Amino acid sequence: MQSPAINKAMEILQQLRSISEGQDGIEVKLNKIVKMIAEQMQADAAACYITIGGNRLVLFAAYQMNEEAINKVLFRFGEGLTGEVAQNSRTISVADAWSHPKFVHKPELGEDNYKSYIGIPLIRWHRSVGVLALQSKELHEYTALETEILETVAMVLSEIVSSEEMSEWRKNYDRGSQMGYREKLKGLSLSKGYGMGVAVVHRRRQIVSKIFAEDKEKELHRLEIAFGQMNADLDKKLDAAKLGIGEHVDILDAYRMFASDKGWYKKLVNNIQSGLTAEAAVERAYEDMWNRLSGTTDVYLRERLHDLRDVSDRLSSYLSGDFGSVKSIDSPDIIVVAQTMGPADLMDYDYSKIRGLIIEDGTPTMHVAIVAKALNIPVVAKIKGIFSEAKTGELIAVDGMEGYVYIRPSQQVQDNFRSKIEERQRLQAKLAELRELPACSKDGININLYLNVGLAFDLDYIESTNCDGIGLYRTEIPFMASEIMPDVDRQISYYQELMDRSGDKKVVFRSLDVGSDKLLPYWGNVGEENPAIGWRSIRITLDRRAILRKQIRAFLRAAAGKELNVMFPMITNLSEFEEAKETLMLELEKEKRRSDKIPKKVNVGLMIEVPSVIFQLDSILEQTDFISIGTNDLAQFIFACDRGNPRLTERYDVLSAPFLTVMNEIISKANKHHVYCSVCGEMASNPIEAMALIGLGYRNLSMSGSSFGRVKSMVRSINVEEIEDYVHSLLKSNKKTLRPQLISYAHDHGIEIY
Ligand code: PEP
Ligand code: MG
């Protein structure tokens with residue numbers, strides 16, 4: 001027995017299908033569809049709005065409303081009831097729209113006689129691609145049954161409004177409405193470099209055209225085959241001989257476990273049993289979870305949602321037999337365009353061919369962006385609408401220096417890119433030549449340059465850069481990539497590999513820095529309201545002391561016979577540092593009793609990331625062997641600005657007097673106490689920011705491997721004494737940012753800031 005809602009929805013969908021299979025153009029079809037839906041639902045009027053430019057809605061089709069308003073009336077997301085539906089991707093139903101505080105009257109719509117309103121979001125990829133709205137003259141409360149029918153119909157309608165035909169219409173609309181032809185699009189650079197190649201749209205979701213199963217057994221069989229094939233292919237990807245060893249393999253392994261989850265499979269089977277096709281069953285399972293979790297601020301749960309989206313799309317492409325279309329792109333240069341992406345997804349491609357990555361919803365701290373950076377792939381993010389706009393097979397150029405993307409670039413742009421790519425290759429070759437040369441300024445000051453590592457790829461940089469050592473080993477990265485909490489022996493193997501590859505070079509281990517945006521798959525949700533300032537990092541490991549003790553034990557054993565440097569992240573006051581240090585010392589004593597294989601020297605330090613420690617710095621400096629400044633977190637707390645929020649990424653600048661003054665205070669005190677001080681946040685990886693740090697007196701910088709050559713080249717072209725005078729003279733400036741001045745200074749003084 002199927003529910004009455006399903007029966008009614010099926011009736012509407014049958015009519016909808018016959019309209020959409022007709023020969024009419026998309027405008028005529030949608031006008032017919034909204035009329036049919038209004039009649040079937042006994043509404044007096046209906047409208048279909050389409051999202052344009054990622055944040056506005058335009059009236060596309062209407063029934064019993066002012067026809068003149070079509071293609072003209074616009075709602076911003078969040079504006080009026082319709083804008084609100086799109087903004088929150090949630091249905092709104094009100095008996096008297098006029099009395100609703102969000103209602104906005106647009107006289108040109110001709111809706112003056114209507115009272116009741118129901119708006120249903122048309123959702124694809126968690127985004128509102130449009131809104132279906134029904135109105136009636138009577139004060140009508142929409143029942144749960146009616147809402148369910150409309151939401152089911154909206155699922156199919158959202159596929160229609162996301163069709164190729166519609167995206168053509170959108171492009172024409174954009175052009176016609178003077179929004180400018182989107183050939184050159186501005187985004188945010190997440191990884192530098194230039195790349196040009198053939199676009200591969202990353203697993204664009206399949207259109208679910210058939211919702212209800214005609215033959216349940218057949219659908220179950222299709223699901224079984226696709227599920228089995230997908231998992232078999234994922235198994236193949238784990239062939240360690242091809243992928244090498246390291247965290248990327250672990251990441252893929254975790255992904256595979258998720259893809260073969262029995263609970264998920266059971267849900268899909270149940271959905272098919274209730275009458276859906278296999279494709280619709282996959283979507284329904286995702287939507288159920290999305291409805292439950294989309295409102296959560298919990299990063300861990302959001303991540304799970306993300307995983308389910310990825311794996312649902314993968315399964316859908318197997319169901320449609322479309323998987324492997326990537327391989328049919330026979331080009332040595334590809335540009336991957338994704339709405340969002342997990343780090344494991346990069347493994348779907350031959351990454352030696354990836355010339356660029358465009359992630360519509362990317363943020364700088366996103367895992368895949370970090371992996372791409374390690375692989376030297378330029379990445380541009382935050383271009384609204386690019387995912388639906390770009391088409392597989394068309395030429396795209398990515399400018400990761402300035403954050404631009406060019407779709408179907410003109411011949412002139414292509415030539416320009418080719419010469420920039422060549423220039424960059426020459427630069428890379430030149431930077432590689434720097435390997436043997438010292439990181440010494442023009443006036444003879446040596447700057448120690450270290451690497452930040454975490455992923456297995458990073459270890460290759462130890463040899464290729466000839467760095468002074470490892471300034472930061474983010475130990476949580478192997479923990480994050482692991483399916484279960486690594487035991488002491490497993491940890492020793494990670495740490496030993498790093499020690500071995502580093503030879504006699506200095507290595508600084510950071511104790512587990514989890515929580516906030518770095519969550520372990522095997523730890524349950526801790527329901528943090530404000531994860532960045534919540535139970536994270538040292539706060540967790542002090543409370544769960546056994547974890548810290550085990551990690552310290554692994555450090556001590558891995559560094560037997562060598563010098564061991566351990567630092568603690570997110571220290572907020574002296575007593576926290578003392579507690580952590582005491583834990584280490586106790587473990588050291590235990591190790592001494594256990595074996596004679598202990599490190600020949602142990603240095604204990606802390607990260608300066610929380611502003612409160614700066615006010616206690618003198619006392620702290622008396623007790624610590626070294627400090628390292630995590631400018632990523634320090635800036636987030638100094639500016640009270642979430643480092644992972646894409647809306648805020650360009651709002652405050654570390655190159656401004658308040659932040660530089662704090663940094664000046666820290667290095668001055670460290671020098672006064674003769675305590676070794678380094679910077680290991682992103683500031684040290686960016687040549688212009690690293691230049692400012694040197695100007696403040698910093699002599700130890702730890703950076704990502706891909707930035708190493710550029711920072712070294714900057715160091716070799718500066719005069720430290722001059723830059724010190726200049727940077728100190730800027731500390732009184734009230735400007736929002738000092739970046740332009742510092743860049744001009746670099747240009748005027750021949751400082752190489754690539
Ligand atoms: C920092 O906060 O600057 C830092 C180096 O630590 P992470 O980026 O790993 O939080
Ligand atoms: Mg940090």
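Atoms within a ligand are numbered from 1 in the order they appear, just like the ligands themselves. Start at 1 with the first residue, then count along the sequence. Bear in mind the structure is a predicted one, so any value in this text is a computation, not a measurement.
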Open item on the list: Let me confirm one number: the CG-CG distance from N686 to L701, rounded to the nearest 0.5 Å.
Closed with: 11.5 Å
Open item on the list: Under 4.0 Å from a heavy atom of L472: which atoms of ligand 1 are those, numbered in the order shown and with their elements?
Closed with: 5 (C)
TODO: With the Mg ion (ligand 2) at the centre, find the angle made by OD2 from D633 and OE2 from E609, to 10°.
DONE: 100°
Task: Pairwise distance NZ(K669) to CD1(I620) - rounded to 0.5 angstrom - done: 10.5 Å
Task: Non-hydrogen side-chain atoms of M663 and L693 separated by less than 4.5 Å - done: yes
Task: For atom 2 (O) of ligand 1, the protein heavy atom that lies nearest, with its residue and separation - done: E609 OE2, 2.8 Å
Task: ligand 1 contact on L634 by region, counting heavy-atom pairs under 4.0 Å - done: neither
- [ ] Using distance alone, decide if ligand 1 has a nitrogen or oxygen within less than 3.5 Å of any nitrogen or oxygen in E476.
- [x] no
- [ ] Would you sort out whether R510 and E476 count as a salt bridge (charged side-chain N to carboxylate O under 4.0 Å, His left out), showing the intermediate values?
- [x] CA-CA 9 Å; R510 169 169 81 180; E476 62 281 1; 2.5 Å; yes
Open item on the list: In this structure, does ligand 1 have an atom that sits under 4.0 Å from one of the heavy atoms of Q636?
Closed with: no
Open item on the list: With a 4.0 Å cut-off on heavy atoms, is R643 in contact with ligand 1?
Closed with: yes
Task: Expected output: side-chain K506 to main-chain G471 donor-acceptor under 3.5 Å - done: no
- [ ] Measure the distances from the heavy atoms of M607 to every atom of ligand 1 and state whether one is below 4.0 angstrom.
- [x] yes
TODO: Give the atoms of ligand 1, by number and element, whose distance to some non-hydrogen atom of G681 is under 4.0 Å.
DONE: 3 (O), 5 (C)
Open item on the list: To check your reading of the model: name the closest protein heavy atom to atom 6 (O) of ligand 1, its residue, and the distance in Å.
Closed with: R510 NH1, 2.9 Å
Open item on the list: Below the 3.5 angstrom mark, is there an N/O of R536, backbone or side chain, next to an N/O of ligand 1?
Closed with: no
Task: Worked check of side-chain contact (heavy atoms from CB on, under 4.5 Å) between D513 and R474 - done: CA-CA 8 Å; D513 185 23; R474 290 184 161 101; over 6 Å; no
Open item on the list: Between Y495 and F509 (judged by ring centroids, cut-off 6.0 Å), do the two rings come close enough to count as a pair?
Closed with: yes
Task: R474-ligand 1 polar pair, N/O distance under 3.5 Å - done: yes
Open item on the list: Need the ligand 1 atom indices (1-based, order shown) with element for anything under 4.0 Å from a heavy-atom of D633.
Closed with: 1 (C), 2 (O), 3 (O), 10 (O)
Task: CD1 on I470 to OG on S702, rounded to 0.5 Å - done: 7.5 Å
Open item on the list: Test your reading of the model: is there a side-chain donor-acceptor pair from S537 to the backbone of R539, 3.5 Å cut-off?
Closed with: no
